[in-house]
Amino acid sequence: MTEGFRRTHWAGELRAGHVGERVWVAGWVHRRRNHGGLVFLDVRDRSGVVQVVVRPEDGEAFALAEGARPETVVRVVGHVRARAPQAVNPHLATGEVEIAVERLEILSRPDPLPFLPTDRGVDEAVRLRHRYIDLRRPEMLDNLRLRHRLTRAVRRALDEQGFIEVETPTMTRSTPEGARDFLVPSRLWPGRFYALPQSPQLFKQLLMVGGVERYYQLARCYRDEDLRADRQPEFTQIDVEMAFVEAADVQAAVEAMMARVFEETVGFRLELPLPRLSWRDALDRYGTDKPDLRYGLAAVDVGEAAAQSGLPVLARALAQGGAVRALSVPDAGRLSRRDLDALVAAGRETGAAVVAWIREGDGRLGSSFGAAAPEEALSALRAAAGAAAGETVLVVAGPLAGARAAVGAVRAAAARRLGLVPEGPTPPALLWVTDFPLFEVAADGRLESAHHPFTAPADEDLPALLAGEGDPRAFGSKAYDLVLNGFELGSGSIRIHRTDVQEAVFRLLGIGPERARERFGFLLDGLRAGAPPHGGIAIGVDRLAMLLAGASSLREVLAFPKSASGLDPLTDAPAAVDPEQLAELGIEVRPPAAVSGAEEGRSP
RNA sequence: GGAGGCGUGGUGUAGUCGGUUAACAUACGUGCCUGUCACGCACGAGAUCGCGGGUUCAAGUCCCGUCGCCUCCGCCA
């Protein structure tokens, strides 16, 4: 080996077995302990930390070591030697050895840094502004590594199943429906815009028409909507599409992939096939289409008991065509009155007309139905709810949608307060939610696609759809969701591959032939070119990585995330551009006052 | 678009009912220290309390506005 910036070993890999070897190690000074006549440098690289010992008799190296601040970039040449027994550090993987320095080189001296990787509790805004320092923290490197293992497992699993990775454009055309687009102005065609894809949906369908048959891509997607802890404006999907398949085939392919992902990221062996839950059952029992099944607390329909209970509030809800559902909570007296009030409040917020509780105490029943509520009625409701002795029953009533939503809210709040929600990623609750409706009714009464407009209807509803008969709101679809620990991980469907079916769906959605032609003409032409039956799914990589890492924010598994307001704290994007650039694009901007205000308001 | 929380030396925090010199830890600088590993000890420098306005004899503290960060609702086919 010749001179230069090379190294022979990773710092973190040195063990007793290396004792006596002459090694070259390079990295950052993690910590320095200067005892005057003896200096310890902890040298950190990607693999970990190793202690380097420098003594006055080491000459130049000693002078350099004394001046080596944390995060100085160094290379160390020296011999690995065993530490004296009393000097062994059991907390360090390399704690049995140290490097006796022979030569120390300073490769780069840092300015005083806003924070050090060893600092705890640094504000996230500061971390993001100086992400290159933050990424040196082992936790961040671990998250990046986990994400790498995740995408590697995806590629291996899909490759083995015969999928081909194909890239699709990120500069494409805006299609209506769905989220807002990010637009890219065209210089060659002033006044026209590309759009960044919200997903490669139409391209992957055309790849099926194109005979690719099995496609996948780790696709960047862009949606201009407000952010959340689990939502960034640009994100990555495992985009999958297959020809000549039914839903079960797509699901089987994804399950094999997920099994590999869990195995290679968190070392967990998934049991296959994954459980299936119909959309209707998910809503009836858990009050959400993405239930967290790491805990039970399933709701039961207690409409009959409610009708016979004589309780006026329940009778009223039923008379208005509503539903009454009940949830048995094994609280063993752990839920305080205040907890119960909070659960009731959580349920009320979602639009249930009634949220009440019935509990056992001192050998009699108490409830929030009021003192006048007959004990037999409460007892009958408890029995209908399947409550065991000591369990508290929560009753919700109202219009079906409100009652379902309340079940979901109360169930989640109860699980949280009872500590039923595990912290880490394993054991996971991964399942399929199937049999989504084809349409749902928007606030303004119009039909919208529950999944997206290219989702195939259920076979039994196809004739009615084509004939323009029946109630579209009752049509089923071939859509399915993959749900992990209460998060929607992915969404997929068997697609429409017949032009007449696609046109019928557009018609019901209020998309006329001209508009369909204008927006989706290339898809309709494709379907006319001999389209195979096909279907697929898109799975959120960021969200999956977040859950596997046990993180509570997407930002922890992204190297360079955006802030909650969509700003990039590192580059300060989005930023104003030169007037010349705008002129070239034929764009005039009315500068909002906020742009200059943002500059002044920024903290130094 | 809406609601809430937060903003004080580089970093993380304290600062009571408005009151005199804004405190602590750490990082930073200088010196001492030969077995530490969150090394230790001493000394030093470092803040117009996010920004703008207002109330007051007096504002880090109260009021209004604004910017930023975080969380949630709306939104996200």
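Chain letters run A, B, ... following the sequence lines, proteins first, then strands; residues in each count from 1.
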Without decimals, in angstroms, what is the distance between [X] [atom1] and [N] [atom2]?
| X | N | atom1 | atom2 | result |
| --- | --- | --- | --- | --- |
| Phe115(A) | U13(B) | CZ | C1' | 18 Å |
| Asp289(A) | A77(B) | CG | P | 13 Å |
| Asp181(A) | C75(B) | CG | C1' | 15 Å |
| Leu38(A) | C32(B) | CG | P | 16 Å |
| Leu567(A) | C70(B) | CG | P | 9 Å |
| Glu124(A) | C6(B) | CD | P | 18 Å |
| Asn34(A) | C32(B) | CG | P | 10 Å |

Is it true that the NZ or CZ of Arg46(A) lies under 6.0 Å from the centre of Trp28(A)'s six-membered ring and within 45 degrees of the ring axis?
->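 No; the conditions do not both hold, so Arg46(A) does not lie above the ring face of Trp28(A).
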Look at the rings of [X] and [Y] and say which category their plane angle falls in: under 30° parallel, 30 to 60° tilted, over 60° perpendicular.
| X | Y | value |
| --- | --- | --- |
| Tyr132(A) | His130(A) | perpendicular |
| Phe203(A) | Phe522(A) | tilted |
| Tyr222(A) | Phe182(A) | perpendicular |

By a strict heavy-atom criterion of less than 4.0 Å, which residues belonging to residues 217-232 of chain A are in contact with RNA chain B?
->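 Heavy-atom contacts with RNA chain B come from Arg223(A), Glu225(A), Asp226(A), Arg228(A), Ala229(A), Arg231(A).
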Ring centers of Phe40(A), His35(A) separated by less than 6.0 Å =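 They qualify: ring centres under 6.0 Å apart.
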Separation of the [atom1] atoms in [N] and [M], to the nearest angstrom:
| N | M | atom1 | value |
| --- | --- | --- | --- |
| C24(B) | G9(B) | C1' | 12 Å |
| A27(B) | G10(B) | C1' | 7 Å |
| G74(B) | A58(B) | P | 48 Å |
| G44(B) | G68(B) | C1' | 34 Å |
| C51(B) | A59(B) | C1' | 16 Å |
| A47(B) | A22(B) | P | 11 Å |

5'-most contact on RNA chain B (nearest-nucleotide basis), Phe40(A) vs Val122(A), goes to Val122(A)
Watson-Crick or G-U wobble partner for [N], using a 3.5 Å limit on both distances?
| N | answer |
| --- | --- |
| C39(B) | none |
| C69(B) | G5(B) |
| A23(B) | U13(B) |

Can you tell me if Gln232(A) and Asp542(A) form a side-chain donor-acceptor pair at under 3.5 Å?
->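 No, no side-chain donor-acceptor contact under 3.5 Å.
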Cut-off 3.5 Å, side chains only: do Arg81(A) and His18(A) have a donor facing an acceptor?
->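 No - no donor-acceptor pair under 3.5 Å links their side chains.
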Distance-only donor-acceptor test (3.5 Å): side chain Arg31(A), base U36(B) | no
Donor/acceptor link under 3.5 angstrom from Arg32(A) side chain onto base of C37(B) | no
Check whether any side-chain N or O of Arg33(A) sits under 4.0 Å from OP1 or OP2 of A38(B), and answer yes or no.
-> no
Reckon Thr455(A) has a side-chain N or O less than 4.0 Å from the OP1 or OP2 of A77(B)?
-> no
Per-pair stack call His35(A) and C33(B), 5.5 Å, 30° = no
For atom CZ of Phe62(A), decide whether the heavy atoms of other residues, nucleotides or ligands shown that lie under 6.0 angstrom number more than 12.
->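 Enclosed: over 12 neighbouring heavy atoms sit under 6.0 Å from CZ of Phe62(A).
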